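Chain letters run A, B, ... following the sequence lines, proteins first, then strands; residues in each count from 1. What you see is a predicted model; the values in this text were computed from it and never measured.
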Amino acid sequence: MPSLIDIRRRIRSVRNTQQITKAMKMVSTARLRRAQERVVAARPYARILREMVANVAAAVAAAGTAGGTEAPDDQPLHPLLAARPEQRVLLLFFTADRGLAGAFNSNLIKAAQRFLVENAARTVELELIGRKARDFFRKRPVRVAGEQIGLGNKALYEDIAPVIDKVIDRYRKQEIDAVYLLYNEFKSVLSQKLTVVRILPIELPAVAAEREYIYEQPPEELLRLLLPRYVGIAVHHALLESTAAEHAARMTAMDAATTNAGELIEKLTLYMNRVRQASITREIIEVVSGAAALD
Amino acid sequence: MPGAFLLEIATPDRLLVSEQVTQAQIPALGGYIGVLPEHAPLLSALGTGVLEYSLGGHRRSIAISGGFVEVLPDHVRVLADHAENADEIDVQRAQESLKRAAERLSQAGGEVDIARALNAVKRAQARLSAAGK
């Protein structure tokens with residue numbers, strides 16, 4: 001039977017852990033709120049951009065059918081729309097920088113491995129975003145195109161812009177044939193959804209409200225400027241979602257940990273009282289039987 | 001509100017402005033365009049400069065650079081790569097970056113360098129003039 005002191009020590013240690021998990025939960029709650037605000041704040045830009053791209057693309061397509069099809073070297077007009085057989089694939093893989101977020105990172109890593117198996121026939125390169133992704137794939141035989149760490153802190157567009165530029169540039173040079181994103185989407189505080197989407201070649205959004213515009217620049221020119229942004233917004237969105245999902249997952253995990261610690265403390269306290277009672281009873285018996293022996 | 005239109009200015013990170021305004025000056029790529037209500041639909045890329053708008057006599061300035069603008073009769077939507085409210089601009093920092101950019105410009109080598117330095121100069125100037133200095 002463990003001694004009273006051992007059990008007390010154990011309770012104290014569990015209580016310390018509980019304090020940490022409680023603090024972490026509160027921090028995650030605050031971060032989650034900020035991350036959600038950022039997701040919401042980024043929405044207007046994305047919405048307006050989507051409509052613009054749809055309209056301009058429609059205008060370019062209309063002009064194209066009117067004035068003959070594209071010249072052979074005219075591919076750069078919208079090279080980001082050009083679909084090729086998917087031989088070389090780049091996967092942008094978003095994980096968290098930190099752990100202790102329940103199954104958040106391990107689910108992602110499992111999904112990434114599944115992606116690699118499913119696409120074993122193709123050459124898959126990984127762009128690892130988040131420390132957990134980097135640490136996992138560092139020791140494994142995969143092609144790593146790059147690693148980014150610390151993007152999730154502020155998750156500003158300019159933080160991830162270099163990655164976006166690099167990806168677009170490589171696609172343009174035909175070094176890669178398709179680009180996918182793998183990230184956790186923020187569904188609710190309690191659930192995240194693993195999401196795989198293709199961002200390149202671009203699938204044009206549907207035209208919501210067609211309008212006749214005066215074009216200050218030729219539509220082709222505008223489309224050329226718009227499309228990289230369109231890709232960029234998709235990547236940035238994934239980063240924002242992933243950050244929000246991470247904090248939500250950690251919050252839930254830490255809440256569960258705090259509850260578990262509470263239960264454990266309760267059980268240990270009960271046990272401790274029983275042990276104490278037992279030792280008191282034993283002492284009384286000793287005293288009583290000692291007195292009886294004197295009689 | 002008659003004689004007004006909705007002006008929205010968004011960057012990838014946030015929505016900066018969403019207000020009913022009576023007129024706006026927008027630094028498009030090909031030069032400033034003035035917008036009043038009932039403007040014909042127009043799409044343009046943005047340049048670097050100061051976007052000014054007024055509502056009820058108040059004038060406000062925002063330094064913006066890069067992006068796109070969509071003008072509709074009752075609605076103007078600006079998608080800027082960078083945008084800063086006049087009161088958010090750190091004048092000292094803007095002055096420093098102007099000086100740096102000007103220096104770079106004077107000793108720039110290749111064409112790319114010049115274009116980049118020129119852009120930096122323009123951006124710093126836009127921020128300064130938006131801040132009213």
Side-chain angles (χ1 to χ4, degrees), chain A residues 34-35 37-60 154-161 164-165 208-240 243, chain B residues 5-19 24-36 38-49 62 64-85 88 97 112 116 119-120 123:
Chain A
R34 242 174 295 148
E37 278 165 11
R38 284 198 298 259
V39 172
V40 174
R43 242 172 235 160
Y45 188 96
R47 177 175 43 84
I48 299 170
L49 187 72
R50 201 178 313 120
E51 290 176 23
M52 260 191 215
V53 167
N55 270 314
V56 175
V60 173
K154 291 216 174 103
L156 289 178
Y157 186 85
E158 58 193 61
D159 292 340
I160 199 164
I164 297 165
D165 292 346
E210 209 168 331
R211 293 197 188 87
E212 285 288 317
Y213 289 103
I214 304 167
Y215 285 98
E216 282 280 295
Q217 288 82 27
E220 296 82 8
E221 175 79 14
L222 266 181
L223 192 65
R224 197 175 58 77
L225 294 167
L226 278 167
L227 287 180
R229 269 289 137 151
Y230 190 64
V231 175
I233 287 300
V235 176
H236 184 227
H237 177 74
L239 177 66
L240 290 174
T243 314
Chain B
F5 58 90
L6 180 67
L7 174 69
E8 283 182 298
I9 303 176
T11 70
D13 296 310
R14 61 185 175 148
L15 185 65
L16 210 69
V17 174
S18 176
E19 276 179 300
Q25 294 268 343
I26 299 164
L29 196 59
Y32 276 81
I33 46 178
V35 180
L36 292 169
E38 302 300 321
H39 195 288
L42 177 142
L43 268 180
S44 172
L46 283 176
T48 300
I62 290 179
I64 61 174
S65 73
F68 311 93
V69 57
E70 179 189 36
V71 181
L72 297 171
D74 58 347
H75 205 159
V76 171
R77 309 201 280 190
V78 177
L79 298 181
D81 293 350
H82 302 276
E84 277 174 296
N85 265 320
E88 296 171 346
S97 67
V112 184
R116 206 178 280 162
N119 209 344
R123 217 158 48 213

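- Taking CD of Glu70(B) as the start and CG of Leu222(A) as the end, the distance is 11.0 Å to the nearest 0.5 Å.
- Atoms CD and CZ, on Glu216(A) and Phe68(B) in that order, are 14.0 Å from each other to the nearest 0.5 Å.
- Nearest heavy atom pair, residue Ala42(A) against residue Pro12(B), reads CB-O, 3.4 Å.
- Between chain A and the residues Pro41(B), Ala28(B), Ser18(B), the largest count of heavy-atom pairs under 4.5 Å involves Pro41(B).
- With a 4.5 Å cut-off on non-hydrogen atoms, Leu72(B) touches chain A through its side chain but not through its backbone.
- With a 4.5 Å cut-off on non-hydrogen atoms, Ile233(A) touches chain B through its side chain but not through its backbone.
- Minimum interatomic distance between Ala45(B) and Leu225(A) (heavy atoms only, all atoms of both residues): CB-CD1, 3.8 Å.
- Contacts of Arg229(A) with chain B are made by side-chain atoms alone, with heavy-atom separations under 4.5 Å and no backbone atom involved.
- With hydrogens and angles ignored, the 3.5 Å screen pairs a side-chain donor or acceptor of Asp13(B) with a backbone N or O of Tyr157(A).
- Taking the ring pair (Phe, Tyr, Trp, His ring centres under 6.0 Å) definition, one finds that Tyr45(A) meets it with nothing, sequence neighbours left out.
- Counting all heavy atoms, side chain and backbone alike, Val69(B) lies closest to Met52(A) at C-CE, 4.0 Å.
- Contact check for Tyr213(A) versus Leu43(B): side-chain heavy atoms found under the 4.5 Å cut-off.
- In this structure, the separation between NE2 on His39(B) and CD1 on Ile214(A) is 6.5 Å, given to the nearest 0.5 Å.
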Fill in: Verdict with reasoning, Arg43(A) to Arg14(B), per side chain to side chain contact (heavy atoms under 4.5 Å, CB included)
CA-CA 8 Å; Arg43(A) 242 172 235 160; Arg14(B) 61 185 175 148; over 6 Å; no
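- Proximity to chain B (any heavy atom under 4.5 Å) is restricted, for Val56(A), to the side chain, taken from C-beta onward.
- Neither the backbone nor the side chain of Ala46(A) comes within contact range of chain B; no heavy atom of the residue lies under 4.5 Å from a heavy atom of that chain.
- Contacts between Leu226(A) and chain B at a heavy-atom distance below 4.5 Å involve backbone atoms as well as side-chain atoms.
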